[in-house]
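Step one of this worksheet: look at the structure below.
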Amino acid sequence: MNIEYPQNIFEITATSKETSARLGKVHTPHAVIDTPVFMPVGTQATVKAMTQEELCELGFKIILGNTYHLYLRPGHELIKRADGLHKFMSWDGAILTDSGGYQVFSLNDLRRIDEAGVTFKSYIDGSSHEFSPERVMEIEGAIGADIIMAFDECPPYPSTHQYTKEATQRTHDWAVRCKASAPANRALFGIVQGGLYRDLREWSAEFISSLDFPGNAIGGVSVGEPKEEMHNIVEWTTPLLPAYKPRYLMGVGTPLDIIDFVIQGIDMFDCVLPTRLGRNGSLYTTYGRINIKNAKYADDFTPVDPECDCAVCRKYTSAYIRHLYKADEILAARLATYHNLYFYQRVIRRIRAAIASDSLLAYRAEFLSKYTAGEA
RNA sequence: GGGGGGAUUCCCGAGUGGCCAAAGGGAGCAGACUGUAAAUCUGUUGCGCAAUGCUUCGGAAGUUCGAAUCUUCCUCCCCCCA
């Protein structure tokens, strides 16, 4: 396939008859990415606790970086001098950079928003920095990711209809400005906002779609809203995004979330859960999530997940990993992160196979029956 | 042999008449985590379902309405001088 950014980066290779799921490929300069895909989050030019070799070994072709964090440290100019983020971090796969829109939400106490953009106070040294759509495009261009995200405002949950409307309007204006100033040879994705309001979501989905980005994202979820709200938002929004372009649900989610939203027609996901939970001692297993630090694992000399064939489960026991946590050893975070990312990859592989054989709903039921069996 | 200091709940360590089941930290136990200010954060930790309940501050005996806190004796530990 001839790659001509910014259009035509996506091809659909199979569609599900029973659901809205599809199999596809996203073409980027550094990798062809099979979808549905889960992208590990590597905010600061590292997927915490993993080496790039391990990410390859785990089968990841694309990871996230964060514009705001990398701009503050080490600085986008330095990354440019290093000949881009790929070279800087020695990652041969694709990279998607988030724009800093999420930091508008998460660094609530450290920023101020107006029409021009956002003024952030650095959490590192307190200095002030201004992000405008044009500035973000410049920074993302310097960082050099394969896919770059438009600068958006992610309103907190809950926000009033009035405020959400204003934030969504700003996001729309900024999307237009991002498109106008986007660096060449990058796939710029637009982001739908609209909070938990159906009318705003529909308006935003239609507006962002009309800008004809090579891919479209749904933002403003996984900000603390109830699961039901998240489902509503995806249900309202997804069908309005062009089917022939990749759909990216930002910040989601749990393994079950991913299955559910693939069913809705989402192609791309990213989430800190497998890595953060891993560092905090929470491990995914076929039979539910466990806290490996619990006393009941002290004498458990079996693998974390009996049905997992990852390098960690083949070699190490629950008791050993628990010990590493209790002793505050750095290997604990590494083993757990590796295992959790492998778990996500297993789920994604099963999802793809199930789409190909049109048995995604059956897979969902099977996954759920085992996954919740451990919790009862 | 003489002088001085000390012993507190699993550990370290505050507390010097009632507001003390006793600060704070550690360790333990449990929970949370969804475009990462996170190897972070929260709760809990004498017994008891609870009570104006019971047991606890090296041991014993006192003083007092009331003692971890005051007195006497005992045991053990540390420092200094011989």
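Keep in mind that what you see is a predicted model, and the values were worked out from it rather than measured. Convention: sequence-line order gives letters A, B, ...; per-chain numbering from 1. Hydrogens, waters and symmetry mates are skipped; everything else that's a heavy atom, side chains included, is used.
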[M] and [N], which share atom name [atom1], separated by this distance in whole Å:
{"N": "A68(B)", "M": "G58(B)", "atom1": "P", "value": "10 Å"}
{"N": "C11(B)", "M": "A82(B)", "atom1": "P", "value": "38 Å"}
{"N": "A14(B)", "M": "G3(B)", "atom1": "C1'", "value": "28 Å"}
{"N": "A7(B)", "M": "A60(B)", "atom1": "C1'", "value": "16 Å"}
{"N": "C49(B)", "M": "A39(B)", "atom1": "P", "value": "40 Å"}
{"N": "G53(B)", "M": "U8(B)", "atom1": "C1'", "value": "24 Å"}
{"N": "A30(B)", "M": "C65(B)", "atom1": "P", "value": "49 Å"}

When all nucleic acid strands are considered with a 4.0 Å heavy-atom cut-off, which category describes [X]: base, sugar-phosphate, or nothing?
{"X": "G224(A)", "result": "nothing"}
{"X": "I124(A)", "result": "nothing"}
{"X": "D270(A)", "result": "sugar-phosphate"}
{"X": "L64(A)", "result": "sugar-phosphate"}
{"X": "K121(A)", "result": "nothing"}
{"X": "E329(A)", "result": "nothing"}
{"X": "L249(A)", "result": "nothing"}

Is it true that [Y] and [X] share a donor-acceptor pair across their side chains at a distance under 3.5 Å?
{"X": "Y342(A)", "Y": "D309(A)", "result": "yes"}
{"X": "Y68(A)", "Y": "D98(A)", "result": "no"}
{"X": "H161(A)", "Y": "D199(A)", "result": "yes"}
{"X": "S16(A)", "Y": "T19(A)", "result": "yes"}

Under-3.5 Å N/O pairs linking protein and nucleotides 28-32 of chain B:
residue	atom	partner	partner atom	Å
C29(B)	OP1	R322(A)	NH2	2.7
C29(B)	OP2	K326(A)	NZ	2.7
A30(B)	OP1	A295(A)	N	3.3
A30(B)	OP2	A295(A)	N	3.1
G31(B)	OP2	N294(A)	OD1	3.3
G31(B)	OP2	N294(A)	ND2	3.2

Residue pair V176(A) / F207(A): nearest heavy atoms and the distance that separates them: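 Shortest heavy-atom separation between V176(A) and F207(A) comes out as CG2-CZ, 3.8 Å.
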
Results of side chain to side chain contact (heavy atoms under 4.5 Å, CB included) for L256(A) - residues two or more places apart only: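 Only T254(A), D260(A), R364(A), F367(A), L368(A) meet the side chain to side chain contact (heavy atoms under 4.5 Å, CB included) criterion with L256(A).
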
Decide yes or no, distance alone: a donor-acceptor N/O pair under 3.5 angstrom between the base of U36(B) and the side-chain of S106(A).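 Answer is no: no donor-acceptor pair is held.
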
Hey, is the side chain of N66(A) pairing donor to acceptor with the base of G35(B) inside 3.5 Å?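 There is none.
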
Kindly point out which of G35(B), U36(B), A37(B) is positioned nearest to the side chain of R276(A)?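 So the side chain of R276(A) is nearest to U36(B).
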
Where the side chain of C154(A) is concerned, which of G35(B), U36(B), A37(B) is the nearest nucleotide?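 Selected nucleotide: G35(B).
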
What is the distance, to the nearest angstrom, from the [atom1] atom on [X] to the [atom2] atom on [N]?
{"X": "L341(A)", "N": "U36(B)", "atom1": "CG", "atom2": "C1'", "answer": "14 Å"}
{"X": "L273(A)", "N": "U40(B)", "atom1": "CG", "atom2": "C1'", "answer": "14 Å"}
{"X": "E140(A)", "N": "G35(B)", "atom1": "CD", "atom2": "P", "answer": "17 Å"}
{"X": "I330(A)", "N": "A38(B)", "atom1": "CD1", "atom2": "C1'", "answer": "15 Å"}
{"X": "Y102(A)", "N": "A38(B)", "atom1": "OH", "atom2": "P", "answer": "11 Å"}
{"X": "M250(A)", "N": "G35(B)", "atom1": "CE", "atom2": "P", "answer": "10 Å"}
{"X": "M268(A)", "N": "G35(B)", "atom1": "CE", "atom2": "C1'", "answer": "11 Å"}
{"X": "L107(A)", "N": "A38(B)", "atom1": "CG", "atom2": "P", "answer": "9 Å"}

State plainly whether one hydrophobic cluster holds both F10(A) and V32(A), where clusters connect Ile, Leu, Val, Met, Phe, Trp and Tyr through side-chain heavy atoms under 4.5 angstrom apart.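 The answer is no; the residues belong to distinct hydrophobic clusters.
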
Would a single hydrophobic cluster contain both L240(A) and W203(A), if residues Ile, Leu, Val, Met, Phe, Trp and Tyr are joined by side-chain heavy-atom contacts under 4.5 Å?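 Different clusters.
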
Tell which nucleotide pairs with A7(B), taking only Watson-Crick or G-U wobble pairs whose two distances are both under 3.5 angstrom.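 By the stated definition (distances under 3.5 Å), U75(B) pairs with A7(B).
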
For S106(A), which residues count as a side-chain hydrogen bond (donor to acceptor under 3.5 Å, both in side chains) partner, sequence neighbours excluded?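 S106(A): no side-chain hydrogen bond (donor to acceptor under 3.5 Å, both in side chains) contacts found.
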
